[in-house]
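When a ligand or atom number is given, it counts from 1 through the structure's own listing order.
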Amino acid sequence: MFRKQGKKENEMAQSGFVKVARASEIKPGQIKELKAGSAKVAVANVSGQYYAFSPWCPHQGWPLWSGDLKGELVRCYLHRWQFNVRTGENEAPGGIPVTLPTYPLKVEDGEIWVDITNVKPFRVDSAEQA
Ligand code: FES
């Protein structure tokens, strides 16, 4: 059993995933800032589904783990931009098309793993700004 778990962890690590927390540590409706290797990520629990994203608001860097989580939307306290934690899209009414970086996430045997090497990057959609 122990040997099998070590092999699985090695496979996850080789595919870029880093273990960040036990799933039970993040309750539904909660966001936590977590260490992922040398990086930091935020992980949200949306009704038992977990999503990883940049812990910093792409507007002016406010910590998003301190924001409100309503369904898939996290609202930044500073200027009230709202990001979908699954897609990264800014869904604030009238908000500019800026995307919050998100990360692939897996839950294996009650542990949350985040691939910090495969970020969906910050994006400003210039076509929609015209
Ligand atoms: S810093 Fe988050 S909306 Fe401005």
Between [X] and [Y], is there a donor-acceptor pair closer than 3.5 Å when you use the side chain of the first and the backbone of the second?
{"X": "Asn90", "Y": "Ile96", "answer": "yes"}
{"X": "Lys32", "Y": "Glu25", "answer": "yes"}
{"X": "Asp68", "Y": "Arg75", "answer": "no"}

What are the protein N, O or S atoms, given as residue plus atom name, that sit under 2.8 Å from atom 2 (Fe) of ligand 1?
->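 N, O, S partners closer than 2.8 Å: Cys57 SG, Cys76 SG.
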Lys40 atom NZ: more than 12 heavy-atom contacts under 6.0 Å =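 No, NZ of Lys40 has 12 or fewer neighbouring heavy atoms, counting only those of other groups under 6.0 Å.
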Test side-chain contact (heavy atoms from CB on, under 4.5 Å) on Val41 and Val18 and set out the steps.
-> CA-CA 11 Å; Val41 297; Val18 175; over 6 Å; no
For the residue pair Phe53 and Ile31, establish whether any side-chain heavy-atom pair is separated by less than 4.5 Å.
-> yes
